[in-house]
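To start, the structure under review is shown below, and the notes come after it.
Throughout, numbering of the chain's residues begins at 1 and tracks the sequence.
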Amino acid sequence: MNKDILLSNIDKIHTTGMGIDRIKMNLKLDTNDVVEFCKNKILDNNCDIYKQGKNWYCEIDNIKITINSYSYTIITAHLIK
């Protein structure tokens, strides 16, 4: 799937209150703007972006971000072991 679809819709990316808490906990982040943090990671040229099923996956810096491909909601983000 063409990652340009995700990149051209970068402004639609958002998450829920629970998503913010989950991402902050999983990535041990100190920022309240986790959406901006994730967008910056996604826009990095070294980010590996691919689509599987209904989700986009973005991998960079030992982080994997999962985004719903229909709603552009960041579902979760994890450290890659």
Side-chain angles (χ1 to χ4, degrees):
M1 201 53 157
N2 188 344
K3 71 180 187 176
D4 292 337
I5 294 169
L6 178 63
L7 296 176
S8 67
N9 287 288
I10 195 82
D11 291 337
K12 294 181 183 176
I13 292 177
H14 65 282
T15 194
T16 62
M18 285 177 58
I20 290 170
D21 294 339
R22 185 169 45 248
I23 294 163
K24 281 173 73 171
M25 182 183 69
N26 290 348
L27 300 183
K28 299 171 180 54
L29 291 179
D30 218 5
T31 179
N32 284 324
D33 200 347
V34 298
V35 173
E36 197 60 32
F37 174 86
C38 290
K39 283 182 182 181
N40 288 334
K41 292 292 183 188
I42 294 163
L43 290 170
D44 189 302
N45 287 335
N46 296 318
C47 188
D48 179 27
I49 300 171
Y50 57 96
K51 188 175 178 194
Q52 267 184 325
K54 63 180 174 46
N55 293 329
W56 287 101
Y57 296 93
C58 307
E59 296 183 13
I60 185 170
D61 299 335
N62 292 327
I63 294 171
K64 185 177 194 176
I65 303 167
T66 305
I67 302 168
N68 180 283
S69 64
Y70 303 110
S71 65
Y72 295 100
T73 304
I74 303 170
I75 299 165
T76 192
H78 291 284
L79 294 173
I80 301 170
K81 307 240 179 331

> When you look at Ile63 and Ile80, which way does the side-chain contact (heavy atoms from CB on, under 4.5 Å) test go after all the steps?
Replying inline: CA-CA 6 Å; Ile63 294 171; Ile80 301 170; 5.9 Å; no
With a 4.5 Å cut-off on side-chain heavy atoms, are [Y] and [X] touching?
X: Ile74; Y: Val34; value: no
X: Phe37; Y: Ile23; value: no
X: Asn32; Y: Lys24; value: yes
X: Ile67; Y: Ile42; value: yes

> Applying the 4.5 Å side-chain criterion to the ILVMFWY set and letting contacts propagate, would Ile60 and Leu79 be lumped into a single cluster?
Replying inline: no
At their closest point, which heavy atom of [X] faces which heavy atom of [Y], and how far apart are they?
X: Ile75; Y: Arg22; result: O-NH2, 2.9 Å
X: Cys47; Y: Lys3; result: O-NZ, 4.2 Å
X: Ile65; Y: Lys41; result: CD1-CB, 4.0 Å
X: Ser8; Y: Ile5; result: OG-O, 3.0 Å
X: Thr73; Y: Thr15; result: CG2-CA, 4.1 Å
X: Ile10; Y: Lys39; result: O-CE, 3.2 Å

> Passes side-chain contact (heavy atoms from CB on, under 4.5 Å), Leu6 versus Ile13? Steps please.
Replying inline: CA-CA 9 Å; Leu6 178 63; Ile13 292 177; 4.0 Å; yes
Quick check: does any side chain N or O of [X] sit under 3.5 Å from a backbone N or O of [Y], one acting as donor and the other as acceptor?
X: Ser69; Y: Lys54; answer: yes
X: Asn26; Y: Ala77; answer: yes
X: Asn68; Y: Ser71; answer: yes

> CG of Asp30: more than 12 outside heavy atoms within 6.0 angstrom?
Replying inline: no
>> Tell me which pairs pass ring-ring contact (aromatic ring centres under 6.0 Å, His included) where either residue lies in residues 57-81, with sequence neighbours left out.
In response: Tyr50-Tyr57
> At what distance, to the nearest 0.5 angstrom, does CG of Leu29 lie from CD1 of Ile20?
Replying inline: 11.5 Å
